[in-house]
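Worksheet for the structure shown next.
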Amino acid sequence: MPQPGLRCGVPGRHELEPDSFSDGGKWLDPGLAVAHGLALAAQGADIVDVGGESTRPGARWVPAEEELARVLPVVRGLAREGVLVSIDTMRAEVAEAAVVAGARIVNDVSGGRADERMAKAVARAGVPFVVMHWRGQSRAMDDLADYRDVVAEVAAEVVCRMDAVVSAGVDPAQVIVDPGLGFAKGRRDDWVLLAALDAWHALGRPLLVGPSRKRFLGELLADPVTGEPRSARDRDAATAATAVLAAAQGAWAVRVHEVRATADAVRVEAAVRSYRATAGQVSRESGSTRRSLSAVP
């Protein structure tokens with residue numbers, strides 16, 4: 001997995017559901033889905049995040065049997081090829097089956113709220129657990145975006161979920177937090193959260209951010225004449241920009257659909273950060289950098 005303190009990691013989002021807002025229906029065939037997951041890894045994805053249920057606003061909750069049938073062949077196929085796989089699910093039974101099939105991380109957008117068995121299932125599996133901010137199912141989440149101070153309230157609610165999953169037996173060192181961009185967030189809320197990611201360091205846990213192709217980017221890039229939001233698949237450059245902003249604020253990882261551009265972007269950010277640290281060290285040791293710059297007309 002990506003290591004905190006080094007470059008920001010890039011999980012590749014792999015959607016196996018026909019109802020996805022972004023890649024709906026493209027990867028329903030298991031063979032094609034495994035091939036796409038391998039392609040994501042080849043493009044620089046540190047993790048391939050496999051999900052069999054749409055979480056877009058208004059999406060339906062599919063039967064467990066259907067979700068299992070979508071994800072398990074793909075998890076097995078990717079794990080067999082040595083890919084680090086996370087399973088994106090809100091169901092304990094899917095998480096357990098996926099871990100048996102080779103997944104090594106559980107990513108639950110509900111933070112364990114949708115299925116009260118989830119935290120104990122993750123505790124038994126002993127794998128990292130991504131706990132995201134969530135206020136309710138996709139069909140109703142837009143109605144739940146009501147905040148006075150979105151940064152403070154979202155962080156406080158995530159802390160409550162962290163406490164709950166740890167009380168259920170999850171190792172606190174295995175918890176990864178996610179502010180849930182786009183989930184029960186209003187038009188302004190996602191931007192405020194994105195601008196204040198460094199505040200999450202106080203939680204002492206790795207921070208995963210999921211801005212990829214989200215609605216707030218589409219609205220920013222709307223057609224200036226018609227006001228029509230930019231289509232989901234045309235938001236990848238903006239997604240890469242958000243990844244740099246997140247990485248610069250210390251995010252552990254940024255989950256995206258189009259991996260290559262974001263993987264390149266976070267490597268650039270890491271290189272700049274490294275050279276800045278080196279330059280700072282030189283300046284502290286000799287003062288030469290400050291003197292040379294002061295001499296420039």
Side-chain angles (χ1 to χ4, degrees), residues 1-2 8-17 20-24 40 44-57 59 84-90 105-114 128-135 138 141-142 145 150-151 154-155 157-158 161 175-186 189-197 200 203 205-220 232-233 235-259 261-263 265-266:
M1 288 193 293
C8 179
V10 182
R13 178 78 176 111
H14 196 355
E15 299 175 333
L16 307 181
E17 64 276 1
S20 162
F21 82 100
S22 177
D23 287 334
L40 291 174
D46 301 287
I47 303 164
V48 174
D49 186 49
V50 174
E53 180 181 50
S54 176
T55 53
R56 68 168 180 80
L84 177 58
V85 178
S86 65
I87 180 65
D88 182 349
T89 184
M90 292 186 283
I105 303 170
V106 174
N107 175 24
D108 181 355
V109 300
S110 80
R113 292 182 60 191
F129 188 24
V130 180
V131 175
M132 197 191 82
H133 178 259
W134 187 84
R135 283 187 164 183
S138 297
M141 66 181 177
D142 281 350
V150 66
V151 175
V154 168
E157 290 171 28
V158 169
R161 291 312 308 157
V175 175
I176 299 163
V177 295
D178 181 341
L181 297 181
F183 288 80
K185 309 296 186 297
D189 298 329
D190 291 308
W191 292 109
V192 174
L193 285 166
L194 186 61
L197 293 177
W200 289 72
L203 274 60
R205 301 307 313 137
L207 175 67
L208 185 148
V209 186
S212 186
R213 298 178 177 174
K214 292 285 176 70
R215 180 172 52 185
F216 73 101
L217 297 177
E219 291 172 347
L220 174 72
R233 292 184 61 81
R235 302 171 190 170
D236 289 330
T239 296
T242 64
V244 171
L245 294 171
Q249 295 180 79
W252 171 76
V254 179
R255 184 178 59 245
V256 298
H257 295 82
E258 203 291 315
V259 167
T262 295
V266 299

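Not measured: the values here are computed from a predicted model.
The closest donor-acceptor contact from the side chain of R161 to the backbone of V131 lies at 3.5 Å or more, if one exists at all.
Taking 4.5 Å as the limit, every side-chain heavy atom of E258 sits out of range of all side-chain heavy atoms of T239. The shortest distance between side-chain heavy atoms of C8 and V244 does not fall below 4.5 Å. The side-chain heavy atoms of I47 and V85, taken from C-beta on, include no pair separated by under 4.5 Å. Side-chain contact check for D46 versus L84: every heavy-atom pair is 4.5 Å or farther apart.
Closest heavy-atom contact between G210 and L181: O-CB, 4.0 Å. Across P179 and V154, no two heavy atoms sit closer than the pair O-CG1, 3.7 Å. Scanning both residues, T242 and P211, for their nearest heavy atoms gives OG1-CG, 3.2 Å. Listed here is the closest heavy atom pair of W134 and R113: O-NH1, 2.6 Å. Between G12 and A45, the shortest heavy-atom contact is N-CB, 3.8 Å. Here the shortest heavy-atom pairing between T262 and A243 reads CG2-CB, 3.5 Å.
Every residue meeting the side chain to side chain donor-acceptor pair (under 3.5 Å) condition with T89, not counting sequence neighbours, appears here in chain and number order: E67. In this structure N107 satisfies the side chain to side chain donor-acceptor pair (under 3.5 Å) test together with D49, sequence neighbours excluded. Take D189 and apply the side chain to side chain contact (heavy atoms under 4.5 Å, CB included) test, not counting sequence neighbours, and it matches A145, Y147, V150, K185. Annotation: ring-ring contact (aromatic ring centres under 6.0 Å, His included) contacts of F216 (sequence neighbours excluded): W191. With sequence neighbours excluded, the residues that form a side chain to side chain contact (heavy atoms under 4.5 Å, CB included) with A246 are L197, V209, A251, V254. Residues that satisfy the side chain to side chain donor-acceptor pair (under 3.5 Å) test with S110, not counting sequence neighbours, are D108. Listed by chain and residue number, R135 satisfy the salt bridge (charged side-chain N to carboxylate O under 4.0 Å, His left out) test with E157 (two or more places apart in sequence, or in another chain). Every residue meeting the side chain to side chain contact (heavy atoms under 4.5 Å, CB included) condition with L203, not counting sequence neighbours, appears here in chain and number order: V158, V159, M162, V177, W200. Contacts of R205 classified as side chain to side chain donor-acceptor pair (under 3.5 Å), with partners at least two apart in sequence or in another chain: none.
In this structure, NE2 in H14 is found 14.5 Å from CZ in R255, a value given to the nearest 0.5 Å.
Under the 4.0 Å criterion applied to side-chain N and carboxylate O atoms, R13 and D88 are assigned as salt-bridge partners.
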> Passes side chain to side chain contact (heavy atoms under 4.5 Å, CB included), V151 versus L193? Steps please.
Replying inline: CA-CA 6 Å; V151 175; L193 285 166; 4.2 Å; yes
